[in-house]
Amino acid sequence: MALSRLDQLYRTIVLDHSSNPHHRGHLEKPTHQMQLLNPTCGDAITVDMIVKDNQIEQIAFNGEGCTISISSASMMTDLMLGKTVDEAIQLVHDFNQLVGGTIGNDEEEKDEAELRKQLKDAAILAGVKNFPARYKCAILSWRAVEYGLDQNRNEQLLHQDGIERKEDE
């Protein structure tokens with residue numbers, strides 16, 4: 001019975017963020033922007049940020065995607081608002097670890113309970129690790145933040161996740 005309650009909670013939170021996404025839209029003059037595409041399913045997300053004094057003052061996302069992709073982006077924007085660049089990148093790495101991605105050699109693996117506490121609502125997406133095909137859906141907007149904050153980052157990391165930069169049409 002407890003499992004079905006947890007499953008219902010998961011569905012409620014994910015569907016709420018997907019149906020009523022937080023911070024969806026565009027920023028007029030972003031200081032940082034990244035568009036990424038999941039070529040497997042066609043999800044495309046653009047993340048706009050205004051960073052001042054090394055802190056994310058405003059963030060918004062826009063694009064098309066599945067329920068997991070949109071809800072993950074909504075949860076991510078809630079977490080990133082007010083974070084420093086380093087804190088934001090660390091949250092991306094933490095989320096990546098939680099949903100089943102690989103951790104870099106220079107990263108330390110964290111306890112799952114600690115990750116869940118830091119990631120708040122986004123921790124509910126931990127179940128994605130049981131569905132590897134959905135990993136790219138969950139991580140897309142998070143990677144857009146990471147790569148948008150450090151656009152000189154090695155392109156190899158994009159391909160590691162099977163995610164591509166979205167080209168303007």
Side-chain angles (χ1 to χ4, degrees), residues 8-96 98-101 115-129 131 133-151 153 157-158 161-169:
Q8 184 61 37
L9 175 65
Y10 169 85
R11 287 181 183 166
T12 300
I13 292 172
V14 170
L15 289 174
D16 182 52
H17 276 277
S18 179
S19 300
N20 306 296
H22 305 175
H23 312 285
R24 188 169 198 171
H26 294 285
L27 299 179
E28 193 165 314
K29 294 183 180 181
T31 57
H32 298 73
Q33 183 183 66
M34 180 58 64
Q35 298 178 32
L36 293 182
L37 169 70
N38 177 352
T40 307
C41 66
D43 290 354
I45 298 286
T46 300
V47 175
D48 295 341
M49 293 172 280
I50 294 178
V51 178
K52 288 186 182 169
D53 298 323
N54 198 42
Q55 187 173 23
I56 299 172
E57 286 192 355
Q58 293 181 48
I59 187 167
F61 80 95
N62 208 347
E64 299 299 322
C66 66
T67 299
I68 290 176
S69 183
I70 299 300
S71 61
S72 182
S74 175
M75 294 174 201
M76 177 275 300
T77 57
D78 285 345
L79 275 175
M80 295 299 173
L81 201 55
K83 298 293 189 272
T84 66
V85 169
D86 289 342
E87 290 169 337
I89 290 172
Q90 184 59 56
L91 283 170
V92 172
H93 295 188
D94 292 348
F95 182 76
N96 183 55
L98 188 70
V99 298
L115 292 173
R116 287 179 178 277
K117 182 177 177 184
Q118 291 172 338
L119 294 169
K120 301 181 181 178
D121 274 359
I124 203 86
L125 294 171
V128 165
K129 67 182 154 204
F131 305 95
R134 304 302 279 181
Y135 167 77
K136 292 178 193 176
C137 303
I139 198 73
L140 187 66
S141 61
W142 297 77
R143 288 295 191 211
V145 166
E146 181 179 21
Y147 302 142
L149 290 172
D150 186 1
Q151 293 187 20
R153 192 169 174 84
L157 294 176
L158 281 171
D161 290 330
I163 295 171
E164 300 174 359
R165 286 182 195 246
K166 185 176 184 305
E167 301 297 327
D168 289 331
E169 296 173 9

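Remark: Leu149 CG to Met49 CE distance equals 4.0 Å, nearest 0.5 Å. Taken to the nearest 0.5 Å, the CG atom of Leu37 stands 12.5 Å off from the CD atom of Glu64. Distance CG/Leu79 to CG/Leu119: 6.0 Å, rounded to 0.5 Å. Note that the CZ atom of Arg143 and the CE atom of Met34 stand 12.5 Å from one another [nearest 0.5 Å]. Within the model, atoms OG of Ser71 and CG of Leu125 stand 5.5 Å from one another, a figure rounded to the nearest 0.5 Å. Met76 contributes atom CE, which lies 11.0 Å from atom CG of Leu81 (distance to the nearest 0.5 angstrom).
Residues Ala138 and Ser72 come closest through the heavy atom pair O-OG, 2.6 Å. Considering every non-hydrogen atom in both Gly148 and His32, the closest pair reads O-CD2, 3.3 Å. Shortest non-hydrogen contact noted between Met75 and Ile124 is CE-CG2, 4.0 Å. Arg116 approaches Ala126 most closely through the heavy-atom pair NH2-CB, 3.4 Å.
For His17 and Ser74, the side-chain atoms include at least one donor-acceptor pair closer than 3.5 Å. Defined by atom type and a distance below 3.5 Å, a donor-acceptor pair is missing between the side-chain atoms of Asp86 and Gln90. Side chains of Asn38 and Tyr135: no donor on one and acceptor on the other come within 3.5 Å.
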Item to complete: Tell me, with the steps shown, if Leu36 and Leu140 meet side chain to side chain contact (heavy atoms under 4.5 Å, CB included).
Response: CA-CA 7 Å; Leu36 293 182; Leu140 187 66; 3.6 Å; yes
Discussion item. Side chain to side chain contact (heavy atoms under 4.5 Å, CB included), that's the test. Do Phe95 and Ile139 meet it? Break it down for me.
Written reply: CA-CA 8 Å; Phe95 182 76; Ile139 198 73; 3.7 Å; yes
Fill in: CA sep, side-chain torsions, deciding dist, call: Val47, Met80, side chain to side chain contact (heavy atoms under 4.5 Å, CB included)
CA-CA 11 Å; Val47 175; Met80 295 299 173; over 6 Å; no
Donor-acceptor pairs under 3.5 Å, side chain of residues 55-62 to any protein atom, not counting sequence neighbours: which ones?
{"unit_1": "Gln55", "atom_1": "NE2", "unit_2": "Gly82", "atom_2": "O", "d": "2.6"}
{"unit_1": "Asn62", "atom_1": "ND2", "unit_2": "His26", "atom_2": "NE2", "d": "2.8"}

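Each of Val145, Leu91, Asn54 was checked for a side chain to side chain contact (heavy atoms under 4.5 Å, CB included) with Lys83, and the lone residue meeting it is Leu91.
The shortest distance between side-chain heavy atoms of Ile50 and Lys29 does not fall below 4.5 Å.
A distance-only check finds a donor-acceptor pair linking the side chain of Arg24 to the backbone of Gly63 [under 3.5 Å]. Under the 3.5 Å distance criterion, the side-chain polar atoms of Asp43 are left unmatched by any main-chain donor or acceptor of Ser69. Between the side chain of Ser18 and the backbone N or O of Ile68, no donor-acceptor pair lies under 3.5 Å. A distance-only check finds a donor-acceptor pair linking the side chain of Thr31 to the backbone of Val51 [under 3.5 Å].
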